[in-house]
Amino acid sequence: MAADSVSSTDAKLLKKLGGVGLVMTIIFAISSLGRDIAARLQRISQLRMEPRMLSEQFNKPLDGTANFESPSDQYTRSYKYRMKAMDKMTELDDLLCTIDFKYSRKKKQSVRDHLKSLQKSPYSVIRGGDDTINEVSGMYEHARYETKEFGALQYRKFAYLVEQLKDSLELQ
């Protein structure tokens with residue numbers, strides 16, 4: 001009865017490697033897989049910039065119209081505006097990196113801390129704008145982490161504030 005519960009492939013492996021050899025092979029495979037997963041997670045934690053969430057090609061319906069409000073589901077619209085807000089922040093990050101790579105956000109640094117650090121010495125890239133930085137950071141955190149709706153009105157305000165930050169950059 002015990003022999004029926006083991007497949008022929010498993011029986012061949014058991015016969016070839018023996019019980020201890022088979023267990024050691026399984027343990028080695030699991031630990032190797034664990035190291036591989038840990039290495040990939042380590043690489044992810046070292047990413048400095050966020051990827052684009054919504055490409056422009058996905059913002060347009062297939063029929064060619066530009067009606068972004070087309071989804072009837074409020075959650076879907078909120079999600080799309082949240083992703084557009086992430087992309088808008090990525091545009092600002094990209095602009096800062098084109099000025100100089102040292103202006104890129106460091107890992108585990110919040111957007112608020114990053115923007116405030118760009119206001120102070122030794123960088124001094126952003127002129128003034130304490131209120132704008134606080135508002136952009138608050139709206140970014142709202143879009144990214146909060147469960148309240150983030151719709152067209154909030155996105156337009158966020159995009160306007162990001163454009164104000166772009167305008168306040170001192171290009172060197």
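The figures here come from the full heavy-atom set of this structure, side chains too, leaving out hydrogens, waters and symmetry mates.
Atom CG in Asp113 sits 11.0 Å away from atom CG in Leu118 (nearest 0.5 Å). Between Met139 atom CE and Gln154 atom CD the span is 6.0 Å, to the nearest 0.5 Å. Atoms CG and OG1, from Leu96 and Thr98 in turn, are 7.5 Å apart once rounded to the nearest 0.5 Å. A distance of 9.5 Å separates CD of Glu91 from NZ of Lys84, quoted to the nearest 0.5 Å. Atoms CD1 and CG, from Ile99 and Leu95 in turn, are 4.5 Å apart once rounded to the nearest 0.5 Å. Rounded to the nearest 0.5 Å, atoms CD1 (Ile133) and OH (Tyr140) are 15.0 Å apart.
Within the 3.5 Å criterion, the main-chain N or O of Gln119 finds no donor-acceptor partner in the side chain of Arg127. A donor-acceptor pair under 3.5 Å links the side-chain atoms of Lys106 to the main chain of Ser104, judged by distance alone. No donor-acceptor pair closer than 3.5 Å links the side chain of Glu141 to the backbone N or O of Gly138. Side-chain N or O atoms of Ser78 include none that pairs as donor or acceptor with a backbone N or O of Glu149 at under 3.5 Å.
A continuous path of hydrophobic side-chain contacts links Leu41 to Leu33 [ILVMFWY only; heavy atoms under 4.5 Å].
Tyr123 and Tyr103 have their aromatic ring centers within a separation under 6.0 angstrom.
At least one side-chain heavy atom of Phe158 sits under 4.5 Å from a side-chain heavy atom of Met89.
Residue Arg105 comes nearest to Ser110 through the heavy atom pair CD-O, 3.9 Å, listed as atom of the first residue, atom of the second, then distance. Summarising the geometry of Val136 relative to Val162, their closest heavy-atom pair is CG2-N, 4.1 Å, with the distance given to 0.1 Å. Minimum heavy-atom separation, Tyr155 to Tyr81: CB-CD2, 3.6 Å.
If you run salt bridge (Lys or Arg N to Asp or Glu O under 4.0 Å) between Glu163 and each of Lys88, Arg156, Lys157, only Lys88 comes through.
Under the 3.5 Å distance criterion, with hydrogens and angles disregarded, no donor-acceptor pair is assigned to the side chains of Asn134 and Ser137.
Scanning for ring pair (Phe, Tyr, Trp, His ring centres under 6.0 Å) contacts around His114 gives an empty result, with sequence neighbours left out.
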Next item on the list: In sequence, state the C-alpha distance, the side-chain angles, and the governing distance for Phe150 and Tyr79, and then conclude on side-chain contact (heavy atoms from CB on, under 4.5 Å).
Entry: CA-CA 8 Å; Phe150 189 85; Tyr79 175 78; over 6 Å; no
